[in-house]
There are 2 protein chains.
Amino acid sequence: MSPDPHAQAMLNALGRGDVLSPECPSRAVLQHLTSRWGVLVMAVLATGTYRFAALRRRIGGVSERMLAQTLQQLESDGFVRRRDHGEVPPHVDYSLTPLGHEAAQHLVALVGWIEGNIAAITARAA
Amino acid sequence: MSPDPHAQAMLNALGRGDVLSPECPSRAVLQHLTSRWGVLVMAVLATGTYRFAALRRRIGGVSERMLAQTLQQLESDGFVRRRDHGEVPPHVDYSLTPLGHEAAQHLVALVGWIEGNIAAITARAA
DNA sequence: CGATATACTTACAAAAATGTATGTACTTCC
DNA sequence: GGAAGTACATACATTTTTGTAAGTATATCG
């Protein structure tokens, strides 16, 4: 019997996901976490709670639109928690959920490694 | 004195990078490693040496074009080593460099975590 | 002999990501 | 009173990414 892609999809219903199969939801989650701004948002939030504008100031280059979009994505995946203090002018802050902290841990490790080795990398890059 | 972006760029020349500043080369490297196919290529190569076609079969959904592009990117960053056996029909294989293995370690951890927790994630996703 | 496999590249087209500008309702600082 | 800050949404334009199809030279398989 050859490997059936449908069987793989079933695997992740009861067991563990498989990022190598395109239909597996883990593939989508991976993309959200590793998206251009997703990584940075997670890394910063791993540091603490931030308000929207503060987060934006911290992450160089994000537009409001992208930050909002990224936060919503991560929130709907359950990695980020948004708290609206119901004040006016608006006061909202963002932090990581426990699940978010677990994921962020790996992202932070990756980012940290890159930052620490960037000299070696660029030194010998083609 | 307010934080000068130029000073930040200098920091990474002698010291450590800062992904949060847009001009820092570490930002680009991060994007290569976390690109849609970059993560998967690295994760698979962490497993061993592969020929182009084998890699493509392993990673569900990559087009030849994207795989080639991704591999070239990772090669020029020094994470992947390409070996052409100079035969015809062509025989080329890809593997990780020592630097690549270090980076891949974090990627594999992330991917592993997602695969292992995908049930919990999708269960409570909005 | 025709199909299949190998490792790509290139041109073209479609889709997705991202940026820019504007608006909202209200408050505080100068 | 005017400017700036707060947290976004929305429309529109542009840029970037990604996919598709075709082509290359040769060897092996049936």
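Values below: every heavy atom of this structure, side chains too, minus hydrogens, waters and symmetry copies. Numbered from 1 within each chain, the chains take letters A, B, ... in sequence-line order.
To the nearest angstrom, C1' of dC12(C) lies 10 Å from CZ of Arg65(B). We find that CD of Gln69(B) is positioned 11 Å from C1' of dT16(D), with the value rounded to whole Å. Taking atom CG on Leu67(A) and atom P on dA17(C), their separation rounds to 17 Å, with Å as the unit. As rounded to whole Å, 18 Å separates atom C1' of dT24(C) from atom CD of Glu87(A). Here dT9(C) presents its C1' atom at 13 Å from CE of Met66(B), a figure rounded to the nearest Å. Atom CD1 in Ile59(B) sits about 14 Å away from atom P in dA7(C), given to the nearest Å. Atom-to-atom, NE2 of His85(A) to P of dT27(C) comes out at 18 Å; the value is rounded to the nearest Å. Atom CZ of Arg56(A) is separated from atom P of dA4(D) by 15 Å (rounded to the nearest Å).
Sequence neighbours left out, not one pair with a member in residues 66-76 of chain B passes salt bridge (Lys or Arg N to Asp or Glu O under 4.0 Å). Residue pairs satisfying the salt bridge (Lys or Arg N to Asp or Glu O under 4.0 Å) criterion with at least one member in residues 94-103 of chain B, sequence neighbours excluded, are absent. The salt bridge (Lys or Arg N to Asp or Glu O under 4.0 Å) pairs that include a residue from residues 30-50 of chain A number zero, where partners must be two or more places apart or lie in different chains. Sorted by first and then second residue, the side-chain hydrogen bond (donor to acceptor under 3.5 Å, both in side chains) pairs with a member in residues 38-58 of chain B read Tyr50(B)-Arg58(B); sequence neighbours excluded.
A heavy-atom distance below 4.5 Å is found between the side chains of Arg65(B) and Gln69(B).
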In residues 114-126 of chain A, what donor-acceptor pairs under 3.5 Å come from side-chain atoms, sequence neighbours left out?
residue: Glu115(A); atom: OE1; partner: Arg16(B); partner atom: NH1; Å: 3.2
residue: Glu115(A); atom: OE2; partner: Val19(B); partner atom: N; Å: 2.9
residue: Asn117(A); atom: OD1; partner: Trp113(A); partner atom: NE1; Å: 3.3
residue: Thr122(A); atom: OG1; partner: Ile118(A); partner atom: O; Å: 2.9
residue: Thr122(A); atom: OG1; partner: Ala119(A); partner atom: O; Å: 3.3

Show me, pair by pair, the donor-acceptor contacts under 3.5 angstrom made by side chains of residues 77-92 of chain A, not counting sequence neighbours?
residue: Asp77(A); atom: OD2; partner: His32(A); partner atom: ND1; Å: 2.5
residue: Arg81(A); atom: NH2; partner: Ser95(A); partner atom: OG; Å: 3.4
residue: Arg82(A); atom: NH2; partner: Asp84(A); partner atom: OD2; Å: 3.3
residue: Asp84(A); atom: OD1; partner: Gly86(A); partner atom: N; Å: 2.7
residue: His85(A); atom: NE2; partner: Asp93(A); partner atom: OD2; Å: 3.0

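In the region residues 28-37 of chain A, proximity to DNA chain D at under 4.0 angstrom, judged on heavy atoms, holds for none of the residues.
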Protein N or O to nucleotides 6-8 of chain D N or O, pairs below 3.5 Å:
residue: dT6(D); atom: OP1; partner: Arg57(A); partner atom: NH2; Å: 2.7
residue: dT6(D); atom: OP2; partner: Arg57(A); partner atom: NH2; Å: 3.1
residue: dT6(D); atom: O3'; partner: Arg51(A); partner atom: NH2; Å: 2.7
residue: dT6(D); atom: O3'; partner: Pro90(A); partner atom: O; Å: 3.3
residue: dA7(D); atom: OP1; partner: Arg51(A); partner atom: NE; Å: 2.7
residue: dA7(D); atom: OP1; partner: Arg51(A); partner atom: NH2; Å: 3.2
residue: dA7(D); atom: OP1; partner: Val92(A); partner atom: O; Å: 3.3
residue: dA7(D); atom: OP2; partner: Ala53(A); partner atom: N; Å: 3.0
residue: dC8(D); atom: OP1; partner: Arg82(A); partner atom: NH1; Å: 2.2
residue: dC8(D); atom: OP2; partner: Arg82(A); partner atom: NH1; Å: 3.3
residue: dC8(D); atom: OP2; partner: Tyr94(A); partner atom: OH; Å: 2.4
residue: dC8(D); atom: N4; partner: Glu64(A); partner atom: OE1; Å: 2.3

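A single hydrophobic cluster is seen to contain both Leu20(A) and Met66(B), as judged by linkage of ILVMFWY side chains at heavy-atom distances under 4.5 Å, directly or through other members.
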Please lay out, stage by stage, how Leu74(A) and Tyr94(A) fare under the test side chain to side chain contact (heavy atoms under 4.5 Å, CB included).
CA-CA 11 Å; Leu74(A) 294 172; Tyr94(A) 295 89; over 6 Å; no
